[in-house]
K.L.:
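My questions all concern the structure below.
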Amino acid sequence: MIQYTLKCDDGHQSQSWFKSAAAYDALERAGHLSCAICGSVKVTKALMAPRVRIAGEDTAQTAPVLHEPASDVEKAMIELRKKVEETSDYVGDSFAQEARAMHLGEKPERSIYGEARLDQAKELIEDGVPLMPLPFKPKQKLT
């Protein structure tokens with residue numbers, strides 16, 4: 001795994017993990033990268049300094065922050081992501097089914113977030129299911 005700091009054409013920066021440098025290159029060539037802040041697809045790797053562990057360094061420490069949020073918008077995006085993740089259940093690609101079941105009263109209502117295809121989201125909206133797109137992609141769950 002390799003972590004890159006990504007930068008969009010508007011100057012927003014975010015960090016993301018990739019399976020390898022080749023995997024990043026393939027995603028970039030295919031146009032599958034986008035800015036986590038504004039959604040721009042003009043994303044490149046930012047200049048980065050490698051993190052080298054010094055002998056005897058406490059490995060329990062958290063990694064240093066590479067940059068502070070650049071703008072109020074970036075700060076708001078970070079806070080929104082934090083609030084969504086703390087107060088909602090991640091349902092992954094079952095979002096459409098879960099939202100519909102809650103709307104029909106088949107499951108108890110709760111705050112959820114996840115992924116849905118455009119056609120699924122459109123059907124939910126047409127059926128009166130309340131939803132809103134998030135301005136960021138959910139972090140991948142490892143479990």
Side-chain angles (χ1 to χ4, degrees), residues 1-53 57-143:
M1 296 287 289
I2 187 167
Q3 184 181 31
Y4 288 128
T5 298
L6 305 179
K7 184 176 182 179
C8 78
D9 57 335
D10 283 335
H12 301 125
Q13 289 188 357
S14 61
Q15 296 178 11
S16 189
W17 287 94
F18 297 90
K19 183 175 182 180
S20 64
Y24 167 85
D25 292 339
L27 289 168
E28 183 180 44
R29 278 192 305 275
H32 292 297
L33 300 176
S34 64
C35 176
I37 307 300
C38 68
S40 171
V41 294
K42 296 179 182 176
V43 176
T44 58
K45 288 185 275 189
L47 184 60
M48 295 174 38
R51 169 114 166 95
V52 179
R53 192 173 348 153
E57 181 181 60
D58 182 5
T59 57
Q61 292 178 345
T62 58
V65 175
L66 295 180
H67 75 282
E68 292 297 319
S71 68
D72 289 341
V73 171
E74 193 172 352
K75 289 175 188 173
M77 292 290 292
I78 291 167
E79 286 302 312
L80 176 61
R81 176 187 290 276
K82 182 179 175 184
K83 183 170 184 170
V84 167
E85 290 174 348
E86 288 175 352
T87 62
S88 304
D89 294 327
Y90 178 74
V91 295
D93 59 3
S94 298
F95 178 82
Q97 295 87 348
E98 291 287 320
R100 184 173 306 285
M102 287 188 295
H103 181 70
L104 296 174
E106 297 169 357
K107 289 192 172 187
E109 287 192 23
R110 69 190 199 282
S111 180
I112 62 171
Y113 71 108
E115 292 109 62
R117 294 188 322 265
L118 184 58
D119 62 311
Q120 293 173 321
K122 187 175 178 182
E123 286 178 15
L124 290 171
I125 291 168
E126 289 171 351
D127 292 343
V129 178
L131 64 93
M132 65 177 268
L134 295 174
F136 55 83
K137 291 185 178 183
K139 294 178 183 173
Q140 282 187 319
K141 301 294 181 179
L142 299 177
T143 58

K.L.:
If I take atom CG from residue Leu27 and atom NZ from residue Lys19, how far apart are they, to the nearest 0.5 angstrom?
P.N.:
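Nearest 0.5 Å value for the CG-NZ distance: 11.0 Å.
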
K.L.:
Find out whether Glu79 and Lys75 are in side-chain contact, i.e. whether some heavy atom of one side chain is under 4.5 Å from a heavy atom of the other.
P.N.:
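Contact flag for Glu79/Lys75 side chains = no.
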
K.L.:
Tell me whether the rings of Tyr4 and Phe18 are parallel (<30°), tilted (30 to 60°) or perpendicular (>60°).
P.N.:
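Rings of Tyr4 and Phe18: tilted, 30 to 60°.
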
K.L.:
Quick one: CD on Glu74 to CD1 on Ile37, what's the gap to the nearest 0.5 Å?
P.N.:
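Output value for this atom pair is 4.5 Å.
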
K.L.:
To the nearest 0.5 angstrom, please state how far the CG atom of Leu33 sits from the SG atom of Cys8.
P.N.:
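If I round to the nearest 0.5 Å, the distance is 12.0 Å.
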
K.L.:
As a quick check of understanding, evaluate side-chain hydrogen bond (donor to acceptor under 3.5 Å, both in side chains) for Asp9 and Ser40, giving each step before the final call.
P.N.:
CA-CA 7 Å; Asp9 57 335; Ser40 171; 2.7 Å; yes

K.L.:
Indicate the atoms forming the closest heavy-atom contact of Ser111 with Thr87, along with that distance.
P.N.:
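Minimum heavy-atom contact is CB-O, 3.7 Å.
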
K.L.:
Do you know which two heavy atoms are closest between Phe95 and Glu115, and how far apart they sit?
P.N.:
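Taking every non-hydrogen atom into account, CB-O, 3.3 Å.
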
K.L.:
With a cut-off of 6.0 Å (strictly less than), are more than 12 heavy atoms of other residues, nucleotides or ligands near CD of Glu106?
P.N.:
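Yes, the 6.0 Å shell around CD holds more than 12 heavy atoms from other groups.
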
K.L.:
State the SG-CG distance between Cys38 and Asp10, to the nearest 0.5 angstrom.
P.N.:
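The distance works out to 4.5 Å.
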
K.L.:
I need the Lys7 NZ to Ser14 OG distance, nearest 0.5 Å.
P.N.:
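Going from the NZ atom of Lys7 to the OG atom of Ser14 covers 12.0 Å.
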
K.L.:
I'd like to know if Glu28 pairs up with Lys45 as an ion pair, taking the criterion as any Lys NZ or Arg NE/NH1/NH2 lying under 4.0 Å from an Asp or Glu carboxylate oxygen.
P.N.:
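Judged by the 4.0 Å cut-off on N to carboxylate O distance, Glu28 and Lys45 do not form a salt bridge.
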
K.L.:
So, do Ile112 and Met102 sit near enough that their side-chain heavy atoms are less than 4.5 Å apart?
P.N.:
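Contact flag for Ile112/Met102 side chains = yes.
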
K.L.:
For side-chain contact (heavy atoms from CB on, under 4.5 Å), just list the numbers for Arg110 and Asp89, CA-CA rounded to whole Å, side-chain angles, deciding distance to a tenth of an Å, and then say yes or no.
P.N.:
CA-CA 8 Å; Arg110 69 190 199 282; Asp89 294 327; 2.8 Å; yes

K.L.:
Which pair of heavy atoms, one from Leu124 and one from Ala99, lies closest together, and at what distance?
P.N.:
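Nearest heavy atoms, Leu124 then Ala99: CD1-CB, 4.3 Å.
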
K.L.:
Where do Gly114 and Tyr90 come nearest, in terms of heavy atoms and distance?
P.N.:
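Answer, listing the atom of Gly114 first, then Tyr90: CA-CE1, 4.1 Å.
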
K.L.:
Do Pro135 and Leu80 have side chains that approach each other closer than 4.5 Å (heavy atoms only, starting at C-beta)?
P.N.:
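Yes. Closest side-chain heavy atoms under 4.5 Å.
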
K.L.:
In the structure I gave you, are the side-chain heavy atoms of His103 and Pro130 within less than 4.5 Å of one another anywhere?
P.N.:
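Sidechains of Pro130 and His103: in contact.
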
K.L.:
Atom CG in Asp93, atom CD in Gln120: separation rounded to 0.5 Å?
P.N.:
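Asp93 atom CG to Gln120 atom CD measures 8.0 Å (nearest 0.5 Å).
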
K.L.:
Do Tyr24 and Ile2 pass the side-chain contact (heavy atoms from CB on, under 4.5 Å) test, and can you show the C-alpha distance, the side-chain angles, and the key distance before you say yes or no?
P.N.:
CA-CA 9 Å; Tyr24 167 85; Ile2 187 167; 5.8 Å; no

